[in-house]
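Working notes, beginning with the structure itself.
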Amino acid sequence: SECFFMFSECCIIELIKQLEGVLMIELDKRVRPYMMLKAFCFWLVTALVLSGAGAATYFFSWPVWMYYIILALIILILIGYVLLRPLIYTKVTSYELFSDRIIVRQGFFTVKTQMIPIKRTQGVELKTGPLSRKYDLAVLHIKTAGIGISMPPLQINTARDLKTNIIEIVKGEDTDV
């Protein structure tokens, strides 16, 4: 296989899976519609702003090709951000909680795999908003002194359990740092 010749992120992930003997946890089925609705709200605001640019084009008698650029932008953002991004993101994104670390793989254009040692955790924050609560989802932010990881949207109960597990692991840790 290519993994022996190329040192790529894909190979590292496969190696982690083989070493641990587990499959990373996939996202909940409600994440995709949540992301699509959230992106659609963003698209509506963007379409309104670009429509204002179209009105300015008419008002200031700018060239007609400006309308085509504005329309193309509206369509590209709809296809790329509202339809494709949630589809690809939910297929790529996964996570796994081990007794000593968390591994998160997520992305759209660039897929990023992050590993954070749980013992170094300094803060865990659970966030929900009105839209995420409608889909029973929450986002968990895990912070250390050096980095932080934003977990993908998780089911609220799963996120609470994960937060509790991380806090319990950190409480049991005796460090001089």
Side-chain angles (χ1 to χ4, degrees), residues 9-10 12-13 16-17 20 22-53 73-173:
E9 186 175 304
C10 172
I12 293 170
I13 292 168
I16 290 170
K17 287 180 184 178
E20 298 295 338
V22 295
L23 292 174
M24 294 180 79
I25 300 167
E26 302 291 326
L27 295 182
D28 190 82
K29 63 182 179 191
R30 292 173 278 198
V31 173
R32 187 176 297 153
Y34 161 71
M35 288 184 70
M36 288 178 118
L37 185 58
K38 188 176 173 182
F40 183 74
C41 293
F42 171 79
W43 177 80
L44 280 177
V45 171
T46 304
L48 286 173
V49 169
L50 289 175
S51 297
L73 283 173
I74 290 173
I75 292 170
L76 284 174
I77 292 171
L78 176 67
I79 292 169
Y81 194 72
V82 177
L83 301 175
L84 291 178
R85 183 177 181 271
L87 179 71
I88 294 170
Y89 183 85
T90 53
K91 288 188 183 285
V92 168
T93 303
S94 58
Y95 70 96
E96 185 62 50
L97 173 68
F98 299 100
S99 60
D100 62 339
R101 67 192 176 283
I102 295 176
I103 299 174
V104 179
R105 179 178 182 239
Q106 57 188 347
F108 174 53
F109 283 120
T110 58
V111 178
K112 177 172 58 171
T113 302
Q114 293 179 298
M115 192 266 310
I116 189 168
I118 293 177
K119 294 176 183 177
R120 302 275 186 204
T121 301
Q122 293 182 343
V124 183
E125 181 181 9
L126 185 107
K127 285 187 175 181
T128 61
L131 191 58
S132 63
R133 281 192 299 271
K134 178 183 185 288
Y135 286 96
D136 193 33
L137 297 171
V139 175
L140 198 63
H141 297 284
I142 305 166
K143 300 171 189 165
T144 66
I147 64 167
I149 290 182
S150 290
M151 297 287 289
L154 305 170
Q155 188 178 16
I156 289 178
N157 293 333
T158 304
R160 283 189 185 129
D161 292 343
L162 188 57
K163 179 182 175 184
T164 305
N165 289 344
I166 291 169
I167 290 171
E168 291 302 317
I169 290 170
V170 172
K171 274 186 187 177
E173 183 62 27

Quick check: do [X] and [Y] have side-chain heavy atoms less than 4.5 Å from each other?
{"X": "Gln106", "Y": "Gln114", "result": "yes"}
{"X": "Thr144", "Y": "Ile147", "result": "yes"}
{"X": "Ile118", "Y": "Asp100", "result": "no"}

Any pair counted as ring pair (Phe, Tyr, Trp, His ring centres under 6.0 Å), so long as it reaches residues 104-160, sequence neighbours left out: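 Output for this query is empty, none listed.
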Residue pairs fulfilling ring pair (Phe, Tyr, Trp, His ring centres under 6.0 Å) with at least one residue in residues 26-52, sequence neighbours excluded: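 Ring pair (Phe, Tyr, Trp, His ring centres under 6.0 Å) check on residues 26-52 returns Phe40-Trp43, Phe42-Tyr81.
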State the [atom1]-[atom2] distance between [X] and [Y], to the nearest 0.5 angstrom.
{"X": "Thr46", "Y": "Ile77", "atom1": "OG1", "atom2": "CD1", "value": "5.0 Å"}
{"X": "Leu162", "Y": "Ile142", "atom1": "CG", "atom2": "CD1", "value": "5.5 Å"}
{"X": "Met35", "Y": "Leu87", "atom1": "CE", "atom2": "CG", "value": "10.5 Å"}
{"X": "Arg105", "Y": "Ile25", "atom1": "CZ", "atom2": "CD1", "value": "14.5 Å"}
{"X": "Thr121", "Y": "Ile166", "atom1": "OG1", "atom2": "CD1", "value": "6.0 Å"}
{"X": "Tyr95", "Y": "Leu154", "atom1": "OH", "atom2": "CG", "value": "4.5 Å"}

Please report the shortest heavy-atom distance between [X] and [Y], naming the atom on each side.
{"X": "Val104", "Y": "Pro152", "value": "CG1-CD, 3.9 Å"}
{"X": "Leu27", "Y": "Pro153", "value": "CD2-O, 3.9 Å"}
{"X": "Leu137", "Y": "Thr128", "value": "O-CG2, 3.7 Å"}
{"X": "Thr93", "Y": "Gly107", "value": "OG1-N, 4.0 Å"}

side-chain contact (heavy atoms from CB on, under 4.5 Å) between Asp28 and Val31, intermediate numbers included: CA-CA 6 Å; Asp28 190 82; Val31 173; 4.2 Å; yes
Scan for salt bridge (charged side-chain N to carboxylate O under 4.0 Å, His left out) pairs involving [range], sequence neighbours excluded, and state none if there are none.
{"range": "residues 35-44", "answer": "none"}
{"range": "residues 130-142", "answer": "Arg30-Asp136"}
{"range": "residues 142-152", "answer": "Glu125-Lys143"}

Among Arg32, Lys29, Glu26, the one residue meeting side-chain hydrogen bond (donor to acceptor under 3.5 Å, both in side chains) with Thr90: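 Checked Arg32, Lys29, Glu26 against Thr90; only one passes side-chain hydrogen bond (donor to acceptor under 3.5 Å, both in side chains): Arg32.
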Pair listing, side-chain hydrogen bond (donor to acceptor under 3.5 Å, both in side chains) test, anchored in residues 156-165, at least two apart: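 Not a single pair qualifies under side-chain hydrogen bond (donor to acceptor under 3.5 Å, both in side chains).
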